[in-house]
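Take a look at the structure below.
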Number of protein chains: 2
Amino acid sequence: MATVAADIVVFGYSPEEVTLRVLMIHRKVPPFKGSLALPGGVVENDESIEAAALRELEEETGIKPDFLEQLYTFGEPDRDPRGRVISVAHYALVSVERFTPVAGTDAADADWYPIEDMYTQPLAFDHLKILEMALDRLRGKILYAPLGFDLLPKQFTITELRQVYGTVLNEDLDPGNFRRRILKSKLLKPTGEKRATGYKPACLYEFDEARYEKLSKSGWNIELV
Amino acid sequence: MATVAADIVVFGYSPEEVTLRVLMIHRKVPPFKGSLALPGGVVENDESIEAAALRELEEETGIKPDFLEQLYTFGEPDRDPRGRVISVAHYALVSVERFTPVAGTDAADADWYPIEDMYTQPLAFDHLKILEMALDRLRGKILYAPLGFDLLPKQFTITELRQVYGTVLNEDLDPGNFRRRILKSKLLKPTGEKRATGYKPACLYEFDEARYEKLSKSGWNIELV
DNA sequence: TCAAAAGTGTTGACGGTACACCCATGT
DNA sequence: ACATGGGTGTACCGTCAACACTTTTGA
C-alpha cells in the first residue's frame with residue numbers, strides 16, 4: 001500500500017513576451033517549506049488519476065488546461081521523506097494570458113515562472129527531474145502533434161505560432177518555410193480577420209480540430225516542423 | 001492509499017518463425033481465473049517501481065529482459081474488482097529463442113503467444129488495453145530508437161534485422177534500401193563471421209552500443225526506418 | 001545450371017533549405 | 001520615403017524509393 005499522488009507540470013506561453021513559463025506553487029508547510037513545487041495532490045479513492053490531476057490543478061490554481069496528458073510515474077522509495085508516495089506526473093498546456101493573475105483560489109501562491117529560473121533554486125522533492133522530463137516530452141511531441149496551438153489563444157497569427165515553436169525548440173525558424181509547412185498541413189482554419197501588428201496586418205487563424213481528428217484517424221502522421 | 005502494482009508486456013521475437021510474441025500467464029485464481037494475464041505484481045515498500053517489475057518478471061517467468069521501460073500508469077477506480085489497484089505498466093523486449101521453454105519457475109504457466117491470439121479471447125483486467133498501448137509504443141519507438149536489436153540474439157544478419165522491422169511494423173521493407181539505411185547509421189559492428197543460410201552466406205553483425213551512446217549524446221537523432 | 005538470398009548500382013522524383021523578392025502598413 | 005514584418009517565388013541540393021543488376025552459395 002502506498003499513497004498515490006498526481007502532479008502536474010503546467011506550461012504557459014505568453015505571445016507578448018514570447019516566453020515559456022511553468023506554473024509553480026510556493027510551499028507553506030514542511031517538507032521543503034519555502035521551496036517551489038509542482039501543483040498536485042493525492043488521488044482520491046473513487047476518482048481516476050487524470051481526474052485527480054485536473055481537480056488538484058483547479059483547486060490549487062484555478063486553471064483548467066486545454067491539454068493534459070500523463071507523463072511518467074515517479075516512485076523511488078525515498079522520494080518523499082514522509083513515506084512511500086508514488087507520483088503520477090502529468091503535463092499540461094495553457095495560454096498564459098488567459099490565466100494571469102491567478103484568480104483568488106485555494107492557494108493563491110501559485111505563479112508563472114520562466115523555465116530557466118527553475119535551475120537557479122532548489123525545487124521540492126524530485127520536481128526538477130519531473131520538470132525536465134516534461135520539457136523533453138513537450139519538445140519531442142510538438143514536432144509531430146499539434147501542441148503548439150494549445151499554448152496560444154484561440155485565434156493567432158502564423159508568426160505567433162512560429163514564435164511558439166521557436167521558443168519551445170529554442171531555435172530560429174525561417175518565416176517563409178514555416179508558413180508553407182504549417183499551411184500545407186491543412187490544420188489551420190482562416191478566420192478571415194486580420195490583426196494590426198504595427199506593420200502589415202497578419203491573417204488570424206484557428207486550429208482546425210475536426211480536420212486534425214480526421215487526418216490522424218486516417219492513419220496519417222504529420223510532421224509540423 | 002492504494003495498492004501499486006507493476007505489470008509488464010514482454011515482447012519476444014523468434015528469428016526462425018519471424019513472429020512477434022507476447023508473454024502471458026494463465027491465471028489460476030479469481031478474479032479472471034482461467035484468463036490470460038500479463039506478468040506482474042505488487043510493488044514492495046522499499047523497492048523502486050522498475051525494480052519491482054524486473055523482480056516480478058523473473059519470479060513469474062524466469063526472464064531478465066534486455067530492455068525494459070515504463071509505459072503508462074493505469075488507474076481507473078474500477079479496473080480491479082478487489083479494490084483500488086494502480087498498475088504501472090511496462091514493456092520489455094527479449095529474444096524469444098533464449099527463453100523457450102520457460103524454465104522451471106514459480107509459475108511455469110507462462111508462455112509465449114502470438115499477438116493476434118490476444119484478440120480472440122478475453123484477457124484479465126484491462127490487460128488488452130495495456131497490450132495495445134505497448135504495441136503502439138513499440139511500433140512508434142522502433143522507428144527512431146534501436147529497439148530492434150533487443151529482439152534479436154547478440155549476433156544477427158541484416159536480413160534478420162529487416163524481418164524484425166517488417167514484422168513489428170507489419171509491412172515489407174526493400175532489402176537493398178534497408179541495408180543501406182541501417183549501415184549508414186553506423187550502429188552495426190561487423191563481426192567478420194558469416195552464417196550459412198542455405199544460399200549465399202550473410203555477414204553477422206552486432207549492435208554497437210558504445211557508438212549509439214556517443215551519437216545520441218551528441219544530440220543526434222537517428223531515423224532507422 | 002538454376003533458384004534464391006546477399007549485396008551493389010543507378011536513376012528519377014520529390015521535398016526542403018536558403019534566400020531573394022514583393023506587399024502592406026505606421027511613422 | 002522607409003523600415004519592418006507579412007507573405008510569395010524559386011533554384012539548388014540532398015535524399016530516398018524503386019528496381020535492375022551482380023555475387024555467392026546449395027542442390
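Throughout, protein chains are lettered first and strands after them, A, B, ... in sequence-line order, and every chain is numbered starting at 1. This is a predicted model, so every value here is computed, not measured.
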Charged N-O contact under 4.0 Å between A:Arg195 and A:Glu160: yes
Could you work out how much the helix from C:dT1-D:dA27 to C:dT27-D:dA1 bends, comparing the axis of its first five pairs with that of its last five, to 10°? 10°
Say whether, by atom type as modelled, one donor and one acceptor occur between the side chain of B:Gln70 and the main chain of A:Tyr72 under 3.5 angstrom. no
Let me confirm one number: the CZ-CZ distance from A:Phe67 to A:Phe11, rounded to the nearest 0.5 Å. 11.0 Å
What is the distance, rounded to the nearest whole Å, between atom CG of B:Leu183 and atom P of D:dC16? 14 Å
From CG of A:Asp172 over to P of C:dT17, roughly how many Å is that when rounded to an integer? 14 Å
Side-chain N or O of B:Thr159 less than 4.0 angstrom from OP1 or OP2 on C:dA5? no
In whole angstroms, how far is the P atom of D:dC16 from the CZ atom of B:Phe178? 14 Å
Quick one: what's the B/S/- string for nucleotides 18-27 of chain C, heavy-atom cutoff under 4.0 Å, read 5' to 3'? BB---BBSS-
Classify B:Arg195 by what it touches in the nucleic acid, base, sugar-phosphate, or nothing, heavy-atom distance under 4.0 Å. nothing
In a check of side-chain hydrogen bond (donor to acceptor under 3.5 Å, both in side chains) between A:Ser87 and each of A:Asp7, A:Asp126, A:Thr73, which one passes? A:Asp7
Test of ring centre spacing under 6.0 Å for A:Phe207 and A:Phe156: no
Atom CD1 of B:Ile158 and atom P of D:dT24: how far apart are they, to the nearest Å? 17 Å
Kindly compute the distance separating CG (B:Leu138) from CD1 (B:Ile115), expressed to the nearest 0.5 Å. 8.5 Å
Determine the minimum heavy-atom distance between B:Leu173 and B:Gly166, stating which atoms define it. CD1-N, 3.8 Å
Whole angstrom is fine here: how far is it from CG in B:Leu188 over to P in C:dG7? 12 Å
Write down the distance between CD (A:Glu160) and C1' (D:dG6), rounded to a whole number of angstrom. 13 Å
Would you kindly give the CZ-to-P distance between B:Arg179 and D:dA20, to the nearest whole Å? 19 Å
Tell me whether the side-chain N/O atoms of A:Arg181 come closer than 4.0 Å to OP1 or OP2 in C:dG15. no
Starting at atom NZ of B:Lys184, determine the distance to atom P of D:dG14, rounded to an integer number of angstrom. 13 Å
Would the distance check show the side chain of B:His26 and the main-chain N or O of B:Ser35 forming a donor-acceptor pair, the cut-off being under 3.5 Å? no
To the nearest 0.5 Å, how far apart are CD1 in B:Ile25 and CG in B:Leu38? 8.5 Å
